[in-house]
Structures are given as C-alpha cells and as structure tokens.
Amino acid sequence: MHKLYIGMVGLPARGKTTVAAKILDGLSKEGIRTQIFNNGDLRREILGAKSSEPQFYSPTNQTGKAAREEIAVLNMNRATEFLQGDGNVAILDATNVSRHRRLTIERMAVYPILWIECINNDEELVEASILRKTKLPEFSKLTEEEACMSFKERIQYYEHIYSPLVDEKMWVAIDSLHNRILNENVPSGVPFYPNIRDILVSDWVRNLYLARHGQTEYNVMDRIGGDSSLTELGHKQAKALGEYFKGQEINYVFTSMKRRSRQTAQYVVDNMPNCTVIPLLEFDEIDAGVCENLRYAEIKEQYPDIALERSEDKYGYVYPKGEGYITLKERVDRGLKKALFLSGNAERVLIVGHQAINRMILSHFLFRRQEDVPYILVPQNSLFHIISTQQKKLFELVKFMDVDLSN
Ligand code: F6P
C-alpha cells in the first residue's frame with residue numbers, strides 16, 4: 001500500500017491550512033486515507049495562551065524554539081503512526097520554513113515526503129488574512145489592533161528563518177491565491193502525486209451562494225449606479241433571503257461597499273453570531289462613469305451614442321470615465337479569489353453582489369460566450385448555489401421568494 005507524508009511550507013497567513021484541507025477533502029473522496037497533523041492546534045492544546053505571544057517565536061528564545069521543535073517531533077511521530085497503520089497520506093500542517101526543521105522531519109521520515117510551499121505575496125490579502133487570524137480565540141484578550149501587531153511580529157520572526165524549497169528531494173511551490181504551480185521538482189512515481197497536483201490547481205468551492213441585493217429606490221426608478229437604499233420590497237426580499245438560511249450557518253458573507261448590498265446581507269447575518277462579514281471594493285457594481293445615476297431612458301436621450309454603441313457590443317463597451325464588462329473582469333476575478341482565499345475551508349460562503357458583478361462571477365463557473373454574459377438573468381428573489389470541487393459540480397438557481405420585480 002502506498003504511503004506519503006506531505007509537509008506544508010510557508011509563512012503564516014499564506015493559505016497552508018486551506019490547501020491542506022483541500023487535499024484532505026480531495027484525496028478522502030478518492031478513498032485515500034488522509035489525515036492532517038496541525039502543529040498550531042497541538043501547540044494551543046499543550047501550551048495554551050502563552051504560546052500566542054510573539055516572543056515565543058523569536059529565534060533567540062531557546063525555550064520557545066525547543067517547545068516548537070518538540071511539537072513538530074510529536075506530530076511527526078503521530079503522522080508516522082498513522083501511516084504505519086492504515087493511513088495513506090499524512091499532512092504535516094505547519095510553517096516548516098527553516099531548512100533545519102525540514103531536515104529534522106526528513107530524518108524521521110520512514111516514507112517519502114513531498115513538500116508543498118504556499119506562496120502569496122499580495123500585501124492586501126495577507127493583511128486581510130491576518131485580520132481574520134485575529135479572531136482566533138488565542139487573541140481574545142487583545143484588541144484587534146494589538147492582535148494584528150502581535151501576529152505581524154510573529155510573521156517577522158518566521159521571515160528571519162525562512163529558506164525556500166530548493167535542496168529538498170521532492171517539492172512543489174504553488175501560488176495559493178490563484179491555484180497555480182509556480183515550480184516543481186517531483187520525480188515520477190511519487191504516490192498520489194497526479195491526484196494531488198490536480199487538487200492543487202482546481203477551484204475548491206464547497207458551497208458558494210450568490211445573491212443580488214434586494215430591490216432599491218434606484219431600481220424602481222430605472223436609474224443605474226449610485227448608492228441608494230432598499231425599498232420596502234427590497235427589505236422583504238432581504239428578509240426572505242435571511243429566512244432561507246435559517247438553520248444553515250453561513251461562515252462568511254462578502255458584500256460590496258454599497259449600502260444596498262450591506263443592508264441585504266444584514267438580514268442573513270442577524271442570527272449568525274459566528275459569521276464574518278467582509279465588504280470588498282471589488283464587488284462594487286459596474287461604474288457607469290458619465291451615466292451614473294441616470295435612467296436608461298435618460299441615457300438614450302442625453303447620450304444616444306453611448307446607448308447605441310453599448311447595445312451593439314455590451315460586453316466590450318466601456319462607459320466614458322467608467323467601466324465596462326470587459327474591464328470589470330479583472331476586478332471581479334480578483335474579488336472572487338480574495339473571497340475564496342479569505343474564507344479558506346469554510347463550509348458555506350455567501351456573496352451579496354449586484355447585477356453586473358454577479359454576471360461576471362457566474363461566468364467564472366458557468367461557461368457563457370462573452371457576448372451573452374451581460375444578459376445573464378440575475379433576479380432579486382433567487383440565489384445561485386454553486387459547488388465546484390474535483391468530485392462535484394453543482395449549479396442551481398434557488399428561489400427564496402415569489403415576487404421578483406428586478407431590473
Ligand atoms: O440597474 C441596476 C444595475 O445594477 C446598475 O447599477 C448597473 O449599471 C446595471 O444594473 C448593470 O446592468 P446592465 O449592464 O444590464 O446595464
């Protein structure tokens with residue numbers, strides 16, 4: 001029977017745990033017995049709060065160093081025990097950033113070990129990821145600012161000892177934001193590697209719900225853009241959306257910065273104390289430039305050329321001083337990657353977006369010719385439920401309320 005250790009490598013907040021969970025999910029569904037051995041969990045279990053302080057991670061702190069070493073060895077022993085039993089793949093989920101640490105683990109290994117380095121140097125995302133980490137119970141006694149500082153200090157200590165994968169026997173470096181292989185050095189015949197490689201480059205969306213905000217004052221007037229609030233019907237739709245999710249905990253809700261999106265999301269999160277809400281600028285509705293706040297009829301009257309040119313190539317048309325679907329793509333893709341990265345291995349994620357934004361998100365999962373994308377129907381009384389993992393693809397439109405007067 002084949003056996004393999006996988007050693008995660010990377011600075012904190014680079015998506016290692018998400019990648020580990022994704023591999024666990026993917027391999028387990030293939031019947032490959034896989035288990036994660038997380039050093040952080042073990043550290044919290046054994047050492048508790050005192051191991052959260054940044055000083056614990058200082059390379060000059062001999063006690064901290066020895067304690068972390070001990071935890072790594074303990075987890076390695078547990079991983080070996082698992083593999084010597086009926087396990088196939090043991091994932092060592094830890095930073096493992098120093099060559100010294102990796103050598104220690106390699107010396108203890110009784111089966112081949114594949115290192116997977118997670119790289120993500122997008123500062124904004126790392127920042128957002130750190131913010132998410134500050135919600136962990138180990139930082140509960142600190143303010144958000146203090147927790148951020150503490151975590152950043154911890155990262156700096158790891159940076160001092162970071163040595164990228166080069167000399168190891170088998171390794172792959174990935175861009176953990178875009179699910180891309182950056183570099184690899186894996187000889188043929190490594191057990192399960194074709195499956196693992198496939199998992200690494202696939203999207204991993206367990207349950208993504210995509211809703212549009214409820215009806216707004218602007219929708220009623222047929223005006224575009226702006227930042228108007230929900231109408232009475234809009235509130236009812238948002239409430240119905242909230243009711244739809246009763247009993248199913250949503251872990252993360254992403255909104256745009258606009259009022260209508262946040263107001264709608266509020267109904268969902270009201271009864272979900274553990275849900276994290278993250279507004280993203282990337283999910284703001286298409287910027288109609290000189291046409292912002294106008295009615296479609298007014299655009300026809302005041303800017304007949306714009307109306308005509310747009311109707312001839314809606315996807316490729318870019319509003320003067322604004323955006324077009326074609327230019328929106330990069331921003332929305334970035335927002336989606338960001339949302340999926342930040343929500344990690346969450347079971348359920350909701351995005352409350354806008355008409356054009358949701359069309360772009362949908363086109364990521366559902367193949368549509370470009371010219372058809374700006375016409376995808378995005379109702380305000382229904383949501384899209386998307387699952388996209390290696391083993392399962394699901395795409396369904398679910399109605400949560402009867403009335404739909406969207407425009
Ligand atoms: O009408 C609502 C709205 O969200 C506007 O703010 C936006 O400009 C428009 O939809 C996008 O849809 P379309 O590309 O069909 O004009």
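As the structure lists them, so they are numbered: ligands from 1, and atoms in each ligand from 1. Any value given below was found using the heavy atoms of this structure, including those in side chains, with hydrogens, waters and symmetry copies removed. Note that this is a predicted model, so its numbers are computed, not measured.
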Query raised in the report: Hey, what do you get for CD1 (I116) to CD1 (I6), rounding to the nearest 0.5 Å?
Result: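 CD1 of I6 is found 4.5 Å from CD1 of I116.
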Atoms in ligand 1 with a heavy atom of [X] nearer than 4.0 Å:
X    : result
G225 : 5 (C), 6 (O)
N219 : 2 (C)
K314 : 13 (P), 14 (O), 15 (O)
I286 : 7 (C), 8 (O)
R310 : 13 (P), 14 (O), 16 (O)

Only distances under 3.5 Å count here; give the side-chain donor-acceptor pairs of residues 188-204 to other protein atoms, sequence neighbours excluded, each with its distance to 0.1 Å.
| residue | atom | partner | partner atom | Å |
| --- | --- | --- | --- | --- |
| Y193 | OH | E184 | OE1 | 2.7 |
| R197 | NE | E184 | OE1 | 3.1 |
| R197 | NE | E184 | OE2 | 3.3 |
| R197 | NH2 | E184 | OE2 | 2.6 |
| D198 | OD2 | Q390 | NE2 | 3.1 |
| S202 | OG | D198 | O | 2.4 |
| D203 | OD2 | H364 | NE2 | 3.3 |
| W204 | NE1 | D25 | OD2 | 3.1 |

Query raised in the report: Should K338 and E282 count as side-chain neighbours, where that means a heavy-atom distance under 4.5 Å?
Result: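 With C-beta onward as the side chain, the pair touches.
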**Report entry** Min side-chain heavy-atom separation I91-V89 under 4.5 Å
**Finding:**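 A side-chain contact under 4.5 Å exists here.
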Query raised in the report: Can we call the ring centroids of F384 and F395 under 6.0 Å apart?
Result: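 F384 vs F395: aromatic centres under 6.0 Å.
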**Report entry** Centroid separation Y111 to H2 less than 6.0 Å
**Finding:**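 So the answer is no for these two rings.
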N/O separation below 3.5 Å, [X] to ligand 1:
X    : answer
Y296 : yes
Q355 : yes
R212 : no

**Report entry** Option with minimal heavy-atom separation from atom 4 (O) of ligand 1, where the choices are R260, R359, E292, E285
**Finding:**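 It is E285 whose heavy atom sits nearest to atom 4 (O) of ligand 1.
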Query raised in the report: At under 4.0 Å between heavy atoms, which part of Y218 makes contact with ligand 1: side chain, backbone, both or neither?
Result: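 It is neither; nothing of Y218 touches ligand 1.
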Requested in this report: Of the side chain and backbone of Y375, name the one, both, or neither that has a heavy atom under 4.0 Å from an atom of ligand 1.
Outcome: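 Neither; no heavy atom under 4.0 Å.
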Query raised in the report: Can you name the ring pair (Phe, Tyr, Trp, His ring centres under 6.0 Å) partners of H385, sequence neighbours left out?
Result: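 Testing H385 for ring pair (Phe, Tyr, Trp, His ring centres under 6.0 Å), a comparison that skips the adjacent residues, returns Y209.
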Query raised in the report: Just checking, is any N or O donor in the side chain of Q55 or Y157 under 3.5 Å from an acceptor N or O on the other one?
Result: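 Their side chains do contain a donor-acceptor pair, which is all the 3.5 Å distance test asks for.
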